[in-house]
Amino acid sequence: MKTTAPKRVVIKLGTGVLTSGIGQLNTGRIADLAADVAGLRATGAEVIVVSSGAVGLGMGRLGLRKKPAAVSRKQACAAIGQSLLMQTWQRGFDPHGLTAAQVLLTHEDLRGRDRHLGVKACLEELIAYGTIPVINENDTVSAAEIKFGDNDTLSAMVASLVGAQYLLILSTAPGLIDMKGTGRIVPVVEKITPEIEAMAGGTTDVTATGGMISKISAAKIALRAGCGVFIAGGAEPDIIARLLGGTGPGTFFVPSGLPLDARKRWLAYFQRPHGGIQVNACAVPVLRDQGRSLLAIGITGVTGHFSEGEIVNILGPDGEVLARGMAAFDSREVREIAGLSSEELKPRYPGRKRLEVVHRDNLVLL
Ligand code: GLU
């Protein structure tokens, strides 16, 4: 598929592409990729790299054959590998006169609205200075609750944050393979259906983290930002130019529909929901087709604990996640008012103007 000339591109490189064997840097590959990035820059595109490899390189430096189970050991590996990774990227960019800018992020850095906007502003500055931001998760300080989990998700969040037109997820996976059908790579995905999701499996690689499942859920985040997503093999020669030129091997996920605005993207995809609000069957079309707010009358139950202003999942009668939104009441109140009409609510909250449990401005259908 022929793509339009890109303005802003995020390129995610998996550990398996940047290393050979366990934790040995593939400096030749990084030099080639740096040259490809320079080539893309020369077309006027702005490029952000999301580079994995820190943990794998640390393992290699320490002579470990298996990823350590203890979080503190993985964190230590990342600290050792990250500097090796950055040195190699900078050496790759040197012949092209480009400067790499290391950016290490935790999920926490993109969750709160102020920090989210702060990271965006910094990335914009780095781009304006003509550097290539090289982003990785800050694995050394990441614990479960502040982790992105994998760099596929991180790269999709970055693509959404900076409003990229294309996200290239380059790893050892050559694309989405239709295992049950043709056995070949699916070239174009117009819509991520349950059948498409069923084609994805987890990873079995010793240094890898993601796998096709995490790549597809990452693709969903980027697509809602209007960003086209390629999943392709990072070891293919000239892969970046070929993909963007529309001749590359791999799978292209087409963004469809209007992109969500930046605040709604932040609300839907950068938060960890604190709980859930279950709705009845009548509320489903009201939310889904009519784009209305969630009212107490449609609510049948609440899970978890959340405060007013926190993000919750909105679940259909069968427990499927329909939407995500910012609750205007805390979980205790929602439990109390579930099923009540607006008329019944008014005397409970005299003087309160807004009685929607989740206002439509703060609600995103998933
Ligand atoms: N942040 C990890 C690393 O640099 C990799 C995570 C991933 O590839 O998804 O080793």
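Atoms within each ligand, like the ligands themselves, are counted from 1 in listed order.
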Is there a donor-acceptor contact under 3.5 Å linking the side chains of His107 and Arg272?
yes
Evaluate Asn136 for polar contact with ligand 1, using N/O atom pairs at a separation under 3.5 Å.
yes
Do Arg224 and Ser160 have side chains that approach each other closer than 4.5 Å (heavy atoms only, starting at C-beta)?
no
Going by atom types alone, do Asp139 and Ser142 pair a side-chain donor with an acceptor below 3.5 Å?
no
If we only count N/O pairs under 3.5 Å, is Asn151 in contact with ligand 1?
yes
Asn362-Arg324 side chain donor-acceptor pair, cut-off 3.5 Å
no
Hey, is ligand 1 close enough to Asp139 that some N/O pair sits below 3.5 Å?
yes
Any N/O pair Asp150/ligand 1 closer than 3.5 Å
no
With heavy-atom distances below 4.5 Å as the criterion, would you say the side chains of Lys12 and Leu170 are in contact?
no
Where ligand 1 meets Ala54 - atom numbers and elements under 4.0 angstrom, heavy-atom basis
3 (C), 4 (O), 10 (O)
Counting only heavy atoms not in Arg29, do more than 12 sit closer than 6.0 Å to its CZ atom?
yes
Looking at ligand 1, would Gly14 count as a contact under a 4.0 Å heavy-atom criterion?
no
Using a strict 4.0 Å cut-off to heavy atoms of Ser52, name the atoms of ligand 1 that fall inside it.
4 (O), 5 (C), 7 (C), 8 (O)
